[in-house]
Asks: 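Please read through the structure below; I'll follow up with questions.
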Amino acid sequence: MSQNNLESSLHEARLFAPPPGFAAQAVPNSAQLAALHAAAAADHVGFWADQARVALHWQRPFTQTLDDSAAPNYRWFADGLLNVSVNCLDVHLAAHGERPAIVFEPESGEPRALSYRQLHTQVCRAANALRSLGIGRGDRVVIYMPLVPEAIIAMHACARIGAIHSVVFGGFSALSLRDRIIDAGARLLITADGGHRGGHIVELKAAADKALAEHTPIEQVIVLRQTGHDVPMQAGRDLWWHELLAAQPDSCPPEWVDAEHPLFLLYTSGSTGKPKGIQHSSAGYLLGAKLSTQWVFDLKPADVFWCTADVGWITGHSYVAYGPLANAGTIVLYEGGPTYPDAGRFWRIIERHRVSIFYTAPTAIRALMKFGDDVPKQYDLSSLRLLGSVGEPINPEAWMWYRSVIGGDRCPIVDTWWQTETGAILISPVPGVTATKPGSCTQPLPGIAADIVDDDGNAVTRADAGGYLVVRKPWPSMLRTIWNDNERYLETYWARFQNRYYVAGDSAHRDADGYYWIMGRIDDVLNVAGHRLGTMEIESALVAHPRVAEAAVVGKPHEIKGEAVFAYVVCLGERPEGDVQAFIDELRHWVGEQLGAIAKPDEIRFADNLPKTRSGKIMRRLLRTIARGEDITQDISTLENPAIVEQLRGKSSS
Ligand code: 7RM
């Protein structure tokens, strides 16, 4: 796939300058952006110190900007004291208290809005409720909820009292939830009786009960009544959200925390079976989320900003729960499925709430594109002024459709590159300034020392030559460590080039204009519909099935999802033959149970064994070639069992 991306980007010559009307009102404009870049180039640390003083409200100002004494465990603004929830809510009450903070659209039923003042009150009540349960500074709280205002209220309530939240996406299975609860050592779980998705109820409480069936550190469970259907409540453990909050006062003194106090953990897939608890700080993280929202989205208080990501992903943290609120913007929150009750749902939401900035993933764009231009054409999308894309490379065809059919050829597109680990967008157009090219995330933001290096760690200077995407200098919103596993932090992100740079795990190339083109992952991580899935995670889930002996999972290009999950399975005993569909369904269901529906293999192929080198390594590159039906060009003479190749190439069994 990387090769295809390279091919297509080398032929991509279209350049779209910012529309003059947009450029005229944008902040930063080109002079301001040039000044930011110049300041960061002249004094990297001083630049970030200046930004942090202006952008954040400090209870006690910091005197030290960057502490690199334990590099690469960097610390920013370490002796400063602040509170993230105060920075997103309290600071706006005087000027914007009655403005809508959240406009919520349920899957069915009437929308409702929460003003900054109402949101503040709800957050205070929830924070008091958590305190009443003995939750405080440093305690971990797992949030397993649908995409409803209370999920954001729960996150801010944690921030207000210095508790560390760990949001687990509602699409993850009971077992995934359980693993994360145990790894985080969480004392409290906040969930709901269920959520709505595509006309169905997502049984969150049932999954939570299953996750807690055997011992975990969870002491209490708060349950939001969202669907209203009957769920069992366990006496002494489970409490209703509405009952608990009703008894709480409307104000809650914030817990002032050190800049480095962990704001949250967010689990993400790596190249091994075990998800990593990415740990983010309070001040540095918020600074990155707040500034990037201004720079990339040109967000002003009058904007209606809709980022479609769930709060279970980093995008839903930085560009739903924190960045836009830190800037006093109005966010739209939609609980349900993108095509429910029909393919016009997204466009109807934009029309109804006069959305001005829309941020979504290429997989959603491609899926909606399939329904044809007539669907969006039925809606008034004239409120839109800016479009964004995130999660995976966007193919030029989808980019052009997004621009013309959704953006009416008048909205700039920001293709934003970043990761759970980076906390905030690092490489992106600045919409009033940067001329865009379909498929390129263009250039690093101010204060971000991104680069591309070769195998030896030397900068790649030749235009269009690929290499490792790295960041040469620390930045405030970077991850601080992996929860409970600093060794893995050092090994995963720093060891490859002896701690000299942060290694993102993506490959990229830069064209003659210095524009970045992301080519894909260099490790065994798949990107399915913008969601990161470790191949080893899925393999472990398959092997846990009583009939499976061995499994190898690879990615295969998919028209809509970007990548599809392709699994080779070796069974105990005979290789299944003939009508294998029922067993394939069983395995897919099994993986769904273990990890969640997004991880279900799209295709499963059975084999007698897997192609291995004599040292016992599975030849993944070969499996990828076979999954794609491409000609085998690699050397298979080193294979332990060359005869297996023919069997693997056999007709797909799904
Ligand atoms: C924000 C997010 C991170 C991985 C990253 C890339 C891929 C993300 C883009 C992209 C090309 C983009 N966090 N990725 N954005 N690839 N262009 N604009 O997605 O931690 O879940 O995933 O996603 O491979 O390393 S994430």
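These values consider heavy atoms only, across backbone and side chains, with no hydrogens, waters or symmetry-generated copies. Start at 1 and go down the list; that is how both ligands and their atoms are numbered.
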Asks: Answer yes or no on whether Arg410 is positioned over the face of Phe22, meaning its NZ or CZ is under 6.0 Å from the six-membered ring centre and within 45° of the axis.
Replies: no

Asks: Per the side-chain hydrogen bond (donor to acceptor under 3.5 Å, both in side chains) rule, what does the pair list look like for residues 398-408, sequence neighbours excluded?
Replies: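 Of all non-adjacent pairs touching residues 398-408, those that pass side-chain hydrogen bond (donor to acceptor under 3.5 Å, both in side chains) are Asp373-Trp401.
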
Asks: For the rings on Tyr468 and Tyr501, is their centre-to-centre separation under 6.0 Å?
Replies: no

Asks: Taking salt bridge (charged side-chain N to carboxylate O under 4.0 Å, His left out) as the cut-off, I'd like each qualifying pair that reaches into residues 440-452, sequence neighbours left out, listed once.
Replies: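 Non-adjacent pairs meeting salt bridge (charged side-chain N to carboxylate O under 4.0 Å, His left out): Asp451-Arg472, Asp451-Arg510.
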
Asks: At a heavy-atom distance under 4.0 Å, which protein residues reach ligand 1? Sort them by chain and number, would you?
Replies: Ile314, Thr315, Val390, Gly391, Glu392, Pro393, Asp415, Thr416, Trp417, Trp418, Gln419, Thr420, Asp506, Ile518, Arg521, Asn527, Arg532

Asks: So, applying side-chain contact (heavy atoms from CB on, under 4.5 Å) with Tyr502, which one of Phe497, Trp494, Tyr74 is it?
Replies: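 The single option meeting the side-chain contact (heavy atoms from CB on, under 4.5 Å) with Tyr502 is Trp494.
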
Asks: Could you work out, with salt bridge (charged side-chain N to carboxylate O under 4.0 Å, His left out) as the rule, every residue matching Arg624, not counting sequence neighbours?
Replies: none

